[in-house]
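Written below as structure tokens is the structure these notes are about.
Proteins come first, then strands; the chains are lettered A, B, ... in the order of their sequence lines, and each starts at number 1. The basis for the numbers below is simple: all heavy atoms, side chains too, and nothing from hydrogens, waters or symmetry mates.
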Amino acid sequence: MSTSTTTTTNLPHHIKPKEVSAESTASTSKLSQKTILHILNTKCTTSLQHLKQAHGVALRSGHFQDHYVAGAIVKCYASQHFSNFGFALKVFDSVWRPNVFVWNIVIKGCLENNEALSCISYYCKMVAMNARPNKFTYSILFKACTLVQAVEEALQIHAHVVKNQFGEDGHIRSAGIQMYASFGLVEEARRMLDEAAESNDVICLNAMIDGYMKCGDVEAAKELFEKHMPSKNVGSWNAMVSGLARCGMLKEARELFDGMSEKDEISWSAMVDGYIKGGCHKEALEIFNEMQKENLLCPGKFILSSVLAACANVGAVDQGKWVHAYIKRNTIQLDAVLGTALLDMYAKCGRLDMAWEVFENIKQKEISTWNAMIGGLAMHGRADDAIELFSKMQRSKLEPNGVTFLNVLNACAHSGFVDKGLNFFSSMKKFYGIEPEVEHYGCMVDMFGRAGQLEEAEQLINSMPIKPNAAVWGALLGACRIHGNVEMGERVGRILLELEPQNSGRYALLSNIYAKAGRWDDVEKVRMLMKERGVKTSPGISMVDIGGMVHEFKVGEGSHPQMKEVYLMLETIIEKLQMEGYSPNSSQVLFDIAEEEKETALQYHSEKLAIAFGVLNTKPGTTIRVTKNLRTCEDCHSAIKIFSKVYERDIIVRDRMRYHHFRNGRCSCKDFW
DNA sequence: ATAGGGTTAG
């Protein structure tokens, strides 16, 4: 029986191995098994054409029956490079009585192609066919169980490991420790580690440190690290540093980090990520700069994408650009993760043009890539473009997810597209089976609210199937402020102060509503309540990126070396603006919208300071980009509008909510913020 | 003759 013919008949027509021409058959069919293997391992890992050809040759020559050859072929097809794992499985099905090696290749293939559940089913088939699993099989399976959180299966598989006497294998053990820790079963993980107490395997110990950290048991991790690890390696320190940092213990993480005699890229990366997770973006950039100074390591894509996230957050567009240039210079592949981080950085730093260019250059776009671009457009008030890009994404047959809809709805909300928004909202469930989450409802409330349909907004809250959170009520309160609805504002404000008694922003918003209506007694009451409850306020901070350095400004703080000049400049500016019709809005000033920054004759909001600094340090006509941690207030907003006209400069302010492009006396948000 | 372990991600 010729097995090669039976094999090909199962294959769908369009993916059959390429027919080999008569002429070449004569020579290629004589290829030895060794040569075929060599071709498979060299040419066929990246070229589908070569692979199909080699596959054909193997089938014709009978070498496909050799497990070395069959295994190599399956492995090549399973490579993510071709993203056609289904075909690899078909080829595997045509292997006659696969041995362990071939089974392991297919099980590993499942893992690498995000089908971890199939790992388990192939393992079952393997056992059913009486093929004996080996130690390689089990470490793959433990990883698969980790990925899909298959606890029951894991326990059974673990029993098989013990029964087959692989319990002593270090690889299996470290995978097992990670697995149990990921299930939250720390004791189980610890038991695995202790079973091999005498082996003192550093990697298993490191995995245990990480496991403790992931389960939040910092003390246990520390004890293991300090008392029971006579020989540590970089990985041990890295596990500690990244664990501490992830648990928010940044100071301790930093101390340990500073004490490391040898740091690798992961050490730096862990520290950068820790700072970012803790909201310390400036520190993240500083530590990256330190890494550059040491000049020993070339930053790779992991740390670069973290750094880009930090740049995005503080608006450090110059440093972001530097990273971009670095990527180009070193021909680092712009994969979906790195590319999306870069795109996001440009969008958040107000450079939509660059964001778009990057977007188009990302070859393997993932859903998050599209989401970032759609979100970027939405943030800048380009609702039509955002919606258009959304349709384009659908045409490219990518399925939107919850985040996609969040961004699209956000775009609608900020441009007053109520009808369109409603359509999207209902289609997400109807056509895509995506259940709206509380954020989506928040967006809808915001949309109705901005458009002045306050009753509809309140109705939606009352009818939503999930419990509204503070953000949802906050959106409504914000709308009450825009439209000056004191009655509803009071009601909603009361709910919010109950729900989040420590959130200063809520008090500020309510007090603003009262101030706008001239109800000064109530303004005072809110202020007293805040004092009584000891609500901590967060200071407004504005950052401006000039010449690759991020400068920070806080209200009433004189730490910046140029502070004197900045205040002088600001006074000149204000005088000039007043001549052009600006009057400082003292009705709003007890708190500004963004809370808590008291305005007195000598205290200016941080964005004004940042702009004055920008004027001092850039040439006339240069665009000034400011990033603020809170929302910008009405007074600053109108001051900046006039400024943009008087000084003939574009100002781009990114506040907590969105972007404001000021030009020639107007703002892109159309005062709709 | 055929293969693996820990620390990083939008």
For the base of B:dG5, is there a side-chain donor-acceptor partner from A:Ser139 under 3.5 Å away?
no
Describe the nucleic acid contact of A:Lys365 in one word from base, sugar-phosphate, nothing, applying a heavy-atom distance below 4.0 Å.
nothing
Measure from CZ on A:Phe257 to C1' on B:dT8 and round the result to the nearest Å.
13 Å
So A:Asp335, base contact, sugar-phosphate only, or nothing? Heavy-atom distance under 4.0 Å.
nothing
Phosphate OP1/OP2 of B:dT8: any A:Arg246 side-chain N/O under 4.0 Å
yes
Aromatic contact, A:Trp268 with A:Phe257 (centres under 6.0 Å)
yes
Per A:Ala336 side chain, nearest of listed nucleotides B:dG10, B:dT8, B:dG5
B:dG10
According to a cutoff of under 5.5 Å between the ring centres and under 30° between the ring planes, does A:Tyr68 stack with the base of B:dA1?
yes
Using a 4.0 Å heavy-atom cut-off, does A:Leu37 contact any base of the nucleic acid, only the sugar-phosphate backbone, or nothing at all?
base
So A:Asn233, base contact, sugar-phosphate only, or nothing? Heavy-atom distance under 4.0 Å.
base
In plain terms, say whether A:Asp210 and A:Arg246 are close enough for a salt bridge, that is, a side-chain N and a carboxylate O under 4.0 Å apart.
yes
May I ask you to say what A:Asp210 touches in the nucleic acid, namely base, sugar-phosphate or nothing, with a heavy-atom cut-off under 4.0 Å?
sugar-phosphate
Look at all strands and tell whether A:Gly71 reaches a base, only sugar-phosphate, or nothing, counting heavy atoms closer than 4.0 Å.
nothing
Measure the distance from CZ on A:Phe101 to P on B:dA1 and round it to the nearest whole Å.
14 Å
A:Lys135 side chain, from C-beta outward: closest of B:dG10, B:dA3, B:dG4
B:dG4
Does the side chain of A:Lys232 get closer than 4.0 angstrom to OP1 or OP2 of B:dT7 through an N or O atom?
no
Report the distance from atom CG of A:Asn104 to atom C1' of B:dG4, rounded to the nearest whole Å.
10 Å
Is A:Phe136 stacked on the base of B:dA3 when the test is centres under 5.5 angstrom and planes under 30 degrees?
yes
Check: A:Asn238 and A:Met260 side chains under 4.5 Å, non-hydrogen atoms
yes
Using whole Å, what does the distance between atom C1' of nucleotide B:dG5 and atom CD1 of A:Ile172 come to?
11 Å
Just call it for A:Val234: base, sugar-phosphate, or nothing, with non-hydrogen atoms closer than 4.0 Å on any strand.
base
What I want to check is whether an N or O donor and acceptor connect the side chain of A:Gln178 with the base of B:dG5 at under 3.5 Å.
no
Centre of A:Tyr122's six-membered ring, under 6.0 Å away, within 45 degrees of the axis: is that where NZ or CZ of A:Lys125 sits?
yes
What is the distance from CD1 of A:Ile105 to P of B:dG4, rounded to the nearest Å?
10 Å
Which word best sums up how the rings of A:Trp322 and A:Phe288 line up, parallel for under 30°, tilted for 30 to 60°, or perpendicular for over 60°?
perpendicular
Indicate, with a heavy-atom threshold strictly under 4.0 Å, whether A:Asp169 touches base, sugar-phosphate, or nothing.
base
Taking the six-membered ring where the residue is Trp, are the ring centres of A:Tyr123 and A:Tyr138 under 6.0 Å apart?
yes
So which nucleotide from B:dG5, B:dG10, B:dG4 ends up closest to the side chain of A:Glu366?
B:dG10
Would you indicate what A:Ser267 reaches in the nucleic acid, counting non-hydrogen atoms under 4.0 angstrom: base, sugar-phosphate, or nothing?
nothing
Hey, does the side chain of A:Lys108 come within less than 4.0 Å of B:dG4's phosphate (OP1/OP2), counting only N and O?
yes
With the six-membered base ring of B:dG5 as reference, does the ring of A:His171 sit under 5.5 Å away with planes under 30° apart?
no
Residue A:Phe302, side-chain heavy atoms: nucleotide from B:dG10, B:dT8, B:dG5 that is nearest:
B:dT8
B:dT8 P sits how many Å from A:Ile276 CD1, rounded?
14 Å
Whole-Å distance between B:dT2 P and A:Gln65 CD?
22 Å
Given the side-chain rings of A:Phe64 and A:His55, with only the six-membered ring counted for Trp, is the space between their centroids under 6.0 Å?
yes
Taking only the side-chain heavy atoms of A:Thr340 (C-beta and beyond), determine which of B:dG10, B:dT2, B:dA3 contains the nearest atom.
B:dG10
Between B:dT8 atom C1' and A:Ile287 atom CD1, what is the distance in whole Å?
15 Å
